[in-house]
Asker: 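Handing you a structure now.
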Amino acid sequence: MNFIAPTPDAPALLTPIPALSDNYIWMVQKNGHAIVVDPGEAGPVLDRLTPGLTLEAILITHHHHDHVGGVQALHQRTGARVYGPRHENIPVCDVPLGEGDLVDLPGIGLRFQILDIPGHTAGHIAYVGRLDAGQTALFCGDTLFAAGCGRLFEGTPAQMHESLGKIGCLPPDTLVCCAHEYTAANIRWALQVEPTNAALQARAQDTAQLRAQGLPTVPSRLGLELQTNPFLRTGLPDIRAAASQHAATPLNTPLAVFAGLREWKNNFK
């Protein structure tokens, strides 16, 4: 995927805004303009819109209420254009999108390419683009989490496995901007799958320190996910062996391993 460079003005400020119980609304600010991704409620965004900061766009990844609950109020209060998945029903959608589409935001000087990443929902999309020269960001909603992935509410294991494979081909330094603070719980499960993974053990310590300080654990980087997220490592023999042992049956393909891992995680306490 070839990314279009952003407008080279002031650096972009990327902020995860806490919302609801464990959601993050992502905000990017640049040149006196802002965009937000998946506003599950309007209040935390309105609190950030200081005089001189214009909300230019609202980007939606999928239709679940904790991602769209604030869309209508923000749209009415600010007039920001709403972009969202073509095949899902959201409260407001000025610009429906699907894979290959380009979101061009001239005020903030950013451009995003769209990926179709079904699995969590049937029409889930992601936004991928450069925030600054050399820094790619992925807004992936509930598809890829830090050390985890979303549950399959509408899609199939094959769809989610393909979607994660698509994400895994992005540059390793891509910022993974997921929509929930699930990292600590995901790592507890991932350590059951790969107890000897040194990178995962180190990540568990880093995550504990961040949460003890009340700090977010995201964005992560795709390279770290490729080292520590079992759902992106389904082709590895140790992952296959662990998933097969837990399922009490041989899992002989990466897709079968993914399905086994997802079922394991569904029931993990």
Side-chain angles (χ1 to χ4, degrees), residues 1 61-64 85 87-88 98-99 114-126 128 138-172 174 176-180 182-204 207 218 220-269:
M1 181 178 290
T61 64
H62 67 289
H63 67 84
H64 285 164
H87 299 298
E88 296 200 353
E99 181 147 337
I114 304 304
L115 298 177
D116 287 337
I117 51 169
H120 181 67
T121 65
H124 202 303
I125 63 173
V128 189
L138 165 73
F139 297 98
C140 54
D142 287 357
T143 296
L144 177 65
F145 291 128
C149 78
R151 287 179 178 264
L152 305 180
F153 288 118
E154 298 173 11
T156 66
Q159 285 178 314
M160 181 64 98
H161 186 250
E162 181 179 355
S163 295
L164 293 174
K166 191 180 297 184
I167 289 172
C169 292
L170 296 173
T174 297
V176 177
C177 303
C178 60
H180 288 275
Y182 290 164
T183 312
N186 287 342
I187 287 175
R188 285 197 298 273
W189 169 75
L191 283 168
Q192 299 297 307
V193 182
E194 285 194 283
T196 63
N197 183 329
L200 183 56
Q201 294 168 353
R203 188 176 191 183
T207 295
V218 292
S220 66
R221 292 185 183 268
L222 182 58
L224 181 60
E225 298 306 321
L226 292 169
Q227 291 180 313
T228 60
N229 190 327
F231 292 114
L232 295 179
R233 297 162 60 79
T234 56
L236 298 180
D238 287 352
I239 301 285
R240 182 174 68 247
S244 296
Q245 181 178 7
H246 186 269
T249 189
L251 302 173
N252 296 319
T253 67
L255 174 55
V257 171
F258 171 80
L261 290 173
R262 186 59 265 179
E263 186 63 23
W264 184 354
K265 182 64 168 64
N266 288 346
N267 297 299
F268 180 76
K269 305 296 184 183

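Keep in mind that what you see is a predicted model, and the values were worked out from it rather than measured.
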Asker: Any heavy-atom pair between the side chains of Asn197 and Arg233 that's under 4.5 Å?
Answerer: yes

Asker: Under the 3.5 angstrom rule, does the side chain of Thr61 hit a backbone N or O of Cys140 as a donor-acceptor pair?
Answerer: no

Asker: Nearest 0.5 Å, please: how far is SG in Cys149 from CG in Leu261?
Answerer: 8.5 Å

Asker: At what distance, to the nearest 0.5 angstrom, does CD1 of Ile114 lie from CD of Glu99?
Answerer: 9.5 Å

Asker: With a 4.5 Å limit on heavy-atom distance, are the side chains of Met160 and Thr143 in contact?
Answerer: yes

Asker: Give a yes or no on whether Glu154 atom CD has more than 12 heavy-atom contacts from other residues, nucleotides or ligands under 6.0 Å away.
Answerer: yes

Asker: So Val218 and Val176, do their side chains get closer than 4.5 Å, heavy atoms only?
Answerer: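 Sidechains of Val218 and Val176: no contact.
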
Asker: When you compare the side chain of Val257 with that of Leu236, does any pair of heavy atoms fall below 4.5 Å?
Answerer: no

Asker: With a 4.5 Å heavy-atom cut-off, do Leu152 and Pro157 have their side chains touching?
Answerer: yes

Asker: Does the Lys166 side chain pair with the main chain of Asp116, one donor and one acceptor, at a distance under 3.5 Å?
Answerer: yes

Asker: Show your working on side-chain contact (heavy atoms from CB on, under 4.5 Å) between Glu194 and Thr228 and close with a plain yes or no.
Answerer: CA-CA 9 Å; Glu194 285 194 283; Thr228 60; over 6 Å; no

Asker: Considering non-hydrogen atoms only, spot the tightest contact between Ala204 and Leu191 and give its length.
Answerer: CB-CD1, 4.2 Å

Asker: Taking Glu88 for its side chain and His124 for its backbone only, find out whether a donor-acceptor pair lies under 3.5 Å.
Answerer: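 Yes, the answer is positive, given that a donor and an acceptor are paired below the 3.5 Å cut-off.
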
Asker: At their closest point, which heavy atom of Phe258 faces which heavy atom of His161, and how far apart are they?
Answerer: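 So the minimum-distance heavy-atom pair works out to CB-CD2, 3.7 Å.
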
Asker: Shortest non-hydrogen contact from Ala242 to Val193?
Answerer: CB-O, 3.5 Å

Asker: So how far is it from Phe139 CZ to Cys177 SG, rounded to the nearest 0.5 Å?
Answerer: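 Reported value, rounded in 0.5 Å steps: 4.5 Å.
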
Asker: Any pair with a residue in residues 243-255 that passes side chain to side chain donor-acceptor pair (under 3.5 Å), sequence neighbours left out, goes on the list, sorted by first then second residue, please.
Answerer: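 Every side chain to side chain donor-acceptor pair (under 3.5 Å) pair that includes a residue of residues 243-255, provided the two are not neighbours, is His246-Trp264.
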
Asker: State the CZ-CG distance between Phe231 and Asn186, to the nearest 0.5 angstrom.
Answerer: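 Spacing of CZ (Phe231) from CG (Asn186) equals 7.5 Å.
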
Asker: Which heavy atom of Pro118 sits nearest to which heavy atom of Ser163, and what is that distance?
Answerer: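 Looks like O-OG, 2.7 Å.
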
Asker: Report the C-alpha distance between Leu144 and Leu232 in whole Å, list the side-chain angles of each, state the deciding distance to 0.1 Å, and finish with yes or no for side-chain contact (heavy atoms from CB on, under 4.5 Å).
Answerer: CA-CA 9 Å; Leu144 177 65; Leu232 295 179; 4.1 Å; yes

Asker: Got Leu251 and Thr234 here, is their nearest side-chain heavy-atom distance under 4.5 Å?
Answerer: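 When only atoms from C-beta onward are counted, Thr234 and Leu251 do not touch, as no gap falls below 4.5 Å.
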
Asker: How far does CG of Leu222 sit from CG of Leu170, to the nearest 0.5 angstrom?
Answerer: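 Between Leu222 CG and Leu170 CG, I get 6.0 Å after rounding to 0.5 Å.
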
Asker: Heavy atoms only: give me the nearest Ile117-Ala126 pair and the separation to one decimal.
Answerer: CD1-CB, 3.5 Å

Asker: What is the minimum heavy-atom distance between Cys178 and Ala146, and which atoms define it?
Answerer: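 Shortest heavy-atom separation between Cys178 and Ala146 comes out as SG-N, 3.9 Å.
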
Asker: Does any part of the side chain of Asp142, heavy atoms only, come nearer than 4.5 Å to the side chain of Thr121, both counted from C-beta?
Answerer: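 Contact flag for Thr121/Asp142 side chains = no.
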
Asker: For Phe153 and His120, take the angle between the two ring planes, folded into 0 to 90°, and tell me which bin it lands in: parallel under 30, tilted 30 to 60, perpendicular over 60.
Answerer: perpendicular

Asker: Say whether, by atom type as modelled, one donor and one acceptor occur between the side chain of Thr174 and the main chain of Pro171 under 3.5 angstrom.
Answerer: yes

Asker: Using ring pair (Phe, Tyr, Trp, His ring centres under 6.0 Å), reason through Tyr182 and Trp189 one step at a time and then give a plain yes or no.
Answerer: CA-CA 11 Å; Tyr182 290 164; Trp189 169 75; over 10 Å; no

Asker: Any side-chain heavy atom of Arg203 within less than 4.5 Å of one from Glu225?
Answerer: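 Sidechains of Glu225 and Arg203: in contact.
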
Asker: For Ala199, is there any backbone N or O sitting under 3.5 Å from a side-chain donor or acceptor partner on Gln227?
Answerer: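 Not at all, since once roles are kept as given, no pair shorter than 3.5 Å links the two residues.
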
Asker: Looking only at the side chains, is there a donor atom on one of Arg262 and Asn266 sitting less than 3.5 Å from an acceptor on the other?
Answerer: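 Looking only at side-chain atoms, Asn266 and Arg262 do form a donor-acceptor pair, the distance falling under 3.5 Å.
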
